[in-house]
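Given the structure is predicted, the values throughout are model-derived calculations rather than measurements. Values below: every heavy atom of this structure, side chains too, minus hydrogens, waters and symmetry copies.
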Amino acid sequence: MIGRLLLYGVGEKMTRRFAAVVLAGQAFAVFFGALVAYGISRADDDGNRSTYLLLGCVLAVISLLTSGALRRPWGVTLGWLVQAATLAFAFIVPAMVIVGVIFGALWVTALFQGNKMDQLTRDYTGSSA
C-alpha cells in the first residue's frame, strides 16, 4: 500500500465494490474498442482483424473476472495489470488511450475513496475491523 493506494491485498467492502464497478464498466468499453478495431481492420482489409477482436474480448473477460477476484490478495494487483493492458490496447486502437486514462483514474479513485469510506464506516460503527 502506497499511502492509501492499495497495490496488493484484499480491500474492505466498499473498496472492493467500487473497484469491481470500475472493472465491469471497463470490460464493456474494452469490448466495444475491440469491435472498433475489428471494423477498422476489416475496412482496411487487414488480415489481423480476428486477432484484434480476440485480444479485446480476452481483455474484457479478464476485466470481468478480475472484478470478481477482488476478494483474493492478488485481485487488486491483477486489476492494475488490466489497467496497463487497456493502455497497451491503444497501440491497436489509438482512441483507447482516452479509455485507459479515464478508467485508470476511476480505478485510483475507487481505491482511494473506497478506503476512505471504509474508514468512515469503521469510525461511525466504532469497530476496529
| request: May I ask you to list the residues sharing a hydrophobic cluster with M14, side-chain cutoff 4.5 Å, ordered by chain and number? | output: F18, M117

| request: Could you tell me which residues satisfy side chain to side chain contact (heavy atoms under 4.5 Å, CB included) with I62, sequence neighbours excluded, listed by chain and number? | output: V58, T66, V82

| task | Report yes or no: do L111 and L70 belong to one cluster of Ile/Leu/Val/Met/Phe/Trp/Tyr joined by side chain heavy-atom distances under 4.5 Å? | result | yes

| Test side-chain hydrogen bond (donor to acceptor under 3.5 Å, both in side chains) applied to T86 - qualifying residues, sequence neighbours left out | Q26

| request: Apply side chain to side chain contact (heavy atoms under 4.5 Å, CB included) to V108 and W80, showing your working. | output: CA-CA 9 Å; V108 170; W80 282 106; 3.7 Å; yes

| query | With a cutoff of under 4.5 Å between side-chain heavy atoms, which Ile, Leu, Val, Met, Phe, Trp and Tyr residues group with V97? | reply | L87, V101

| task | Take atom CG of L120 as the centre, draw a 6.0 Å sphere, and report whether it contains more than 12 heavy atoms from other residues, nucleotides or ligands. | result | yes

| Can you name the residues that form a side chain to side chain contact (heavy atoms under 4.5 Å, CB included) with F28, not counting sequence neighbours? | F32

| message | Is it true that D123 and Q119 share a donor-acceptor pair across their side chains at a distance under 3.5 Å? | response | yes

| message | My understanding is that only residues two or more places apart in sequence, or in another chain, count here; which of them pass side chain to side chain contact (heavy atoms under 4.5 Å, CB included) with L106? | response | V22, I102, F103

| remark: Members sharing V61's hydrophobic cluster, built from side-chain contacts under 4.5 Å between Ile, Leu, Val, Met, Phe, Trp and Tyr, are L65

| request: Kindly give the heavy-atom pair with the smallest separation between W107 and A19, and that separation in Å. | output: CZ3-CB, 3.5 Å

| message | Do Y38 and F31 sit in one hydrophobic cluster, given that two such residues count as connected whenever their side-chain heavy atoms are within less than 4.5 Å of each other, even indirectly? | response | yes

| query | Cluster question for you: counting only ILVMFWY and a side-chain heavy-atom cut-off of under 4.5 Å, with indirect links fine, are L59 and L23 together? | reply | yes

| Any link between L35 and V99 through a network of hydrophobic side chains (Ile, Leu, Val, Met, Phe, Trp, Tyr) touching at under 4.5 Å? | no

| message | For A69 versus W74, what's the shortest heavy-atom pair and its separation? | response | CB-CZ3, 3.7 Å

